[in-house]
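Below you'll find the structure, written out as structure tokens, and then a few comments.
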Amino acid sequence: MDQQGRKAIVHIENVSKSFGQTKAIDNLDMKIMAGEFVTFLGPSGCGKSTTLRILGGFESPDQGRVILDGVDVTKQPPNKRDVNMVFQDYALFPHMTVGENIAFGLELKGQQRGEIDRRVASLLDFLQLSGFRDRTPDQLSGGQRQRVALARALAPDPKLLLLDEPLGALDAKLRGQVQVELKDIQRRTGKTFFFVTHDQEEALTMSDRIVVMNAGRVEQDGTPEDLYYRPASRFVAEFIGETNLLEGTVRGSDQGAVIIDWKGHSVYGSANGGQPQTGSSVAASIRPENVICLPQRPANDRALKGRIVNRVFKGSKTTVDVQVDERDPLIIKAHVDPAVAHQFADDTVWVTWDTNRLAVLAG
Amino acid sequence: MTKSTRIFMSVIYWAFVVYLFVPLVLMVVMGFKDSAFIGFPIQSWTLDWYKGVFQDTEVINVFIYSMTIAITSTLLSLVIGTWVASFLGPYKFPGKVIIFAITCLPAVIPGIISAISLRIYARFLDIEPGMLAIILGHTVHNVPFVALVVMARLATLPKSHIEAARDLGADSLIAFFRVTLPYLRPALIGAGIFCMLLSFDDFVRAFFLGSYQPTLPVLIFAKLRSGMSPEINAISTVVLVMTAILGIWAERSMRRMNKGA
Ligand SMILES: Nc1ncnc2c1ncn2[C@@H]1O[C@H](COP(=O)(O)OP(=O)(O)O)[C@@H](O)[C@H]1O
Ligand SMILES: [Mg+2]
């Protein structure tokens, strides 16, 4: 049970998997709660698909176990598992109609014809595919195929739905729309979704929880907000969104804030995992939208003086590059309201931020 | 291309077409000649030769005999060829290349060599010359064609289709019959028709492996030796029409299915 009283539907227990010399998954241990939309996020080749395939039963782990709803399924073949997958290429059966594709899993479960027809009809209706029952997959658009693949995987009512980059084949505009749809479908069905993507924006848009993977290991596991504002590592900070990465040494602390010496400038931030050791070298991350630019020196002494060296108008915001040091050009990227951007006409600014927004990262 | 070369090219083309079809046309025409001797001039026409063919129980029996051999050996070739292809296709193992080469060998060995060796082998196995021996001979010859065509098709089947079937509750056997086999259908139809034609057309193997009961080509050969008569033309024309229809139908249905897949 987690804090919200949900039970773990899946427990991936210390799973490792290698292909020859490549360690695809390195001692992965994680739980997925019932009804959650969990996204597995990481760069290409970090072991996302392998993890999904282990859950689906297409690969067997070298070590560890997979517990599905309290039952060890590690040795079960895919057809015995109450888990269904939406494949990256959708894998719709070309010789079957949309209706037959969706009915496939139900037939193999031994359901009655009438029951199957009703279930297929309701899924077609639910996914706005009602008119397409008798078409074959080659008569559908990419978005429709994606929905048929989803309907087919949902049909047998699995305990867990696996989705391996299912939006990769769609064009950018459609992708944004489908992201919202998919999240909505998950909410309405209450199904547990385990979604894999390398697209951080997609992950932020849809997920209740994101697990960031890097080289077969979990980098961070948290809500989209956690990951965005409180990245646990440099990798996460850089992988998700745009950020300023400040490298320096810890100088000490002041009322809970960590003071970092950033090439001779004192910057204030906060550490998630407790005060780092004084003198240790660290990196710190601050999002451009959390950097505050002021035309005058503020009352507190936690601001840095700089000069705007570059500004780009982007409609809803203006992005500026602030050079903090003349000798050793240190740049901080910031977003400012275009309406007030003219205040920095002489290009001298003071940059500051809420101490909580500068995340001090280990290493 | 200049105008004169274009004319030259099309003349060559049509000359080739004529060269190809004149023998066939002559054969068909002579089947309607009201005389026991083949050749021009034709004074009167008749359908008697055709009537004769359709009333000749020997010809009809031989035709049925040949069809039985063709259909049976084709079915056997399809089953064995598909089995070989699904075994050789997806898996990697030592000696795969050698097994593949051995599988293909019967397709390239000269017919006469293959026929003699099959005859010896059949005797060794105590198989009487006759239908069974011919069927086995044709099957050995045709399996490589099926295996090659099926392997080529199998290579284009995305692995995810099988995985999707397994994922939705199919064991590997159900996945094969409900996903792989339908996917192979155009290849199987094409290969099957090809095997039928090869078997129906085969003279050498049927001659060496057969008993007193001849297949159609062997019968035609026997009739030829006792003198050329328009009856042979009539038999040949019937066979020609049937194979042409079969071939065209196969080609069309394969194209249709390839588009659907
Ligand atoms: N069947 C396989 N054989 C060999 N190496 C594999 C196989 N599957 C995956 N790998 C390797 O394992 C690593 C993780 O792959 P994968 O899980 O597909 O990554 P992702 O889905 O995150 O892009 C990669 O280095 C990949 O090359
Ligand atoms: Mg992948």
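Note on naming: letters A, B, ... go to the chains in the order of the sequence lines (proteins, then strands), and numbering restarts at 1 for each one.
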Take a 6.0 Å sphere around CD1 of Ile98(B) and say whether it holds more than 12 heavy atoms from other residues, nucleotides or ligands.
no
Look at atom CZ of Phe207(B) and say whether more than 12 heavy atoms of other residues, nucleotides or ligands are closer to it than 6.0 Å.
no
Under 4.5 Å heavy-atom distance to chain B, tell me which part of Leu92(A) shows up: side chain, backbone, both or neither.
backbone
Would one find more than 12 heavy atoms of other residues, nucleotides or ligands at under 6.0 Å from atom NE2 of His198(A)?
no
Partner residues of Arg133(A) under the side-chain contact (heavy atoms from CB on, under 4.5 Å) criterion, sequence neighbours left out
Asp117(A), Val120(A), Ala121(A), Leu124(A)
Out of Gly56(A), Gly105(A), Pro156(A), return the one with the most heavy atom pairs under 4.5 angstrom to chain B.
Gly105(A)
Against chain B, label Glu107(A) side chain, backbone, both or neither, depending on which of its atoms sit under 4.5 Å from a heavy atom there.
side chain
Counting neighbours of CZ on Phe203(B) that are heavy atoms of other residues, nucleotides or ligands and sit closer than 6.0 Å, is the number greater than 12?
yes
If I take atom CG from residue Leu162(A) and atom CG from residue Asp167(B), how far apart are they, to the nearest 0.5 angstrom?
7.5 Å
To the closest 0.5 Å, what do you measure between CZ (Arg178(B)) and NE2 (His95(A))?
7.0 Å
Do you know which two heavy atoms are closest between Ala164(B) and Phe87(A), and how far apart they sit?
CA-CE1, 3.5 Å
Do Pro182(B) and Met96(A) come within less than 4.5 Å of each other through their side chains, counting heavy atoms only?
no
Set of residues satisfying side-chain contact (heavy atoms from CB on, under 4.5 Å) with respect to Phe194(B), sequence neighbours excluded:
Phe145(B), Leu198(B)
What donor-acceptor contacts under 3.5 angstrom involve side-chain atoms of residues 148-155 of chain A, with partners at least two apart or in another chain?
residue	atom	partner	partner atom	Å
Arg152(A)	NH1	Ala91(A)	O	3.0
Arg152(A)	NH1	Asn101(A)	OD1	3.1
Arg152(A)	NH2	Tyr90(A)	O	3.1
Arg152(A)	NH2	Ala91(A)	O	3.0

Side chain, backbone, both or neither: which part of Ile174(B) has an atom under 4.5 Å from a heavy atom of chain A?
side chain
Interchain contact, Ala165(B) with chain A, by part (heavy-atom threshold 4.5 Å):
both
Neighbourhood of chain B inside residues 69-84 of chain A, taking heavy atoms under 4.5 Å as contact:
Pro77(A), Pro78(A), Asn79(A), Val83(A), Asn84(A)
Within a 6.0 Å radius of atom OH on Tyr19(B), are there more than 12 heavy atoms belonging to other residues, nucleotides or ligands?
no
Just checking Lys31(A): does its NZ atom have more than 12 heavy atoms from other residues, nucleotides or ligands closer to it than 6.0 angstrom?
no
Over all heavy atoms of both residues, which pair between Phe58(A) and Arg166(B) is shortest? Give the atoms and the distance, please.
CE2-CB, 4.4 Å
dist Asp89(A):CG -> Lys159(B):NZ (nearest 0.5 Å) comes out at 11.0 Å
